[in-house]
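Starting from 1, each residue takes its place in the sequence as its number. Any value given below was found using the heavy atoms of this structure, including those in side chains, with hydrogens, waters and symmetry copies removed.
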Amino acid sequence: MKIHKGDTIKIINGKDKGKTGKVLKILIKKNKVLVDGLNLYKKHVRPKNQGEKGEVVSVPRPMDVSNVMIFCSACSKAVKVGYRSDAGKKIRICKKCGAAV
Ligand SMILES: [Zn+2]
């Protein structure tokens with residue numbers, strides 16, 4: 001997978017299209033990513049003790065990796081990534097501007 005944990009991505013499809021966020025988790029088997037504060041859904045939390053009120057919290061839901069693209073801060077847009085080897089190390093670069101992403 002080209003996207004790694006901690007990457008900044010842009011959503012290119014779905015209800016949060018155009019938003020950017022940071023990748024919290026990669027679900028390799030499901031081909032999904034979990035992005036901080038995006039693709040939220042409301043979850044009802046039951047009260048822990050009697051007499052307390054239940055709460056509604058917003059929780060990010062994993063989304064398909066095909067709906068996100070790496071966001072290049074140099075280009076300020078979603079870009080395709082390429083690879084370049086630097087002193088034997090493979091690094092990811094923005095295909096547009098060549099900056100490491
Ligand atoms: Zn770029």
Exercise. Before giving the answer on salt bridge (charged side-chain N to carboxylate O under 4.0 Å, His left out), spell out for Asp64 and Lys30 the whole-Å C-alpha distance, their side-chain angles and the decisive distance to 0.1 Å.
Key: CA-CA 8 Å; Asp64 205 275; Lys30 290 181 178 162; over 6 Å; no

Quiz item: Should Leu38 and Leu40 be marked as a side-chain contact (heavy atoms from CB on, under 4.5 Å) after you check the CA-CA gap, both sets of side-chain angles, and the distance that decides it?
Solution: CA-CA 5 Å; Leu38 294 178; Leu40 296 175; over 6 Å; no

Quiz prompt | Residues Val65, Asn67; criterion side-chain contact (heavy atoms from CB on, under 4.5 Å); working and verdict | solution = CA-CA 5 Å; Val65 74; Asn67 289 339; over 6 Å; no

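Closest heavy-atom contact between Met1 and Ile28: CE-CA, 4.2 Å. Of all heavy-atom pairs spanning Pro60 and Leu34, the tightest one is O-CD1, 3.4 Å. Residues Lys2 and Ile70 share a closest heavy-atom pair of O-CD1, 4.3 Å.
For NZ of Lys15, the number of neighbouring non-hydrogen atoms (other residues, nucleotides, ligands) closer than 6.0 Å is greater than 12.
At a threshold of 4.5 Å between non-hydrogen side-chain atoms, the residues Phe71 and Val79 do not count as touching. Side chains of Ile3 and Val23 form a contact here, defined as non-hydrogen atoms less than 4.5 Å apart.
For the atom pair Arg92 CZ and His4 NE2, the distance stands at 4.5 Å (nearest 0.5 Å). With values rounded to the nearest 0.5 angstrom, Ile93 atom CD1 is found 10.5 Å from Tyr83 atom OH. Distance check: Asp16 CG to Lys10 NZ gives 12.5 Å after rounding to the nearest 0.5 Å.
Salt bridge absent: Lys89 and Asp86 never bring a charged side-chain N and a carboxylate O closer than 4.0 Å.
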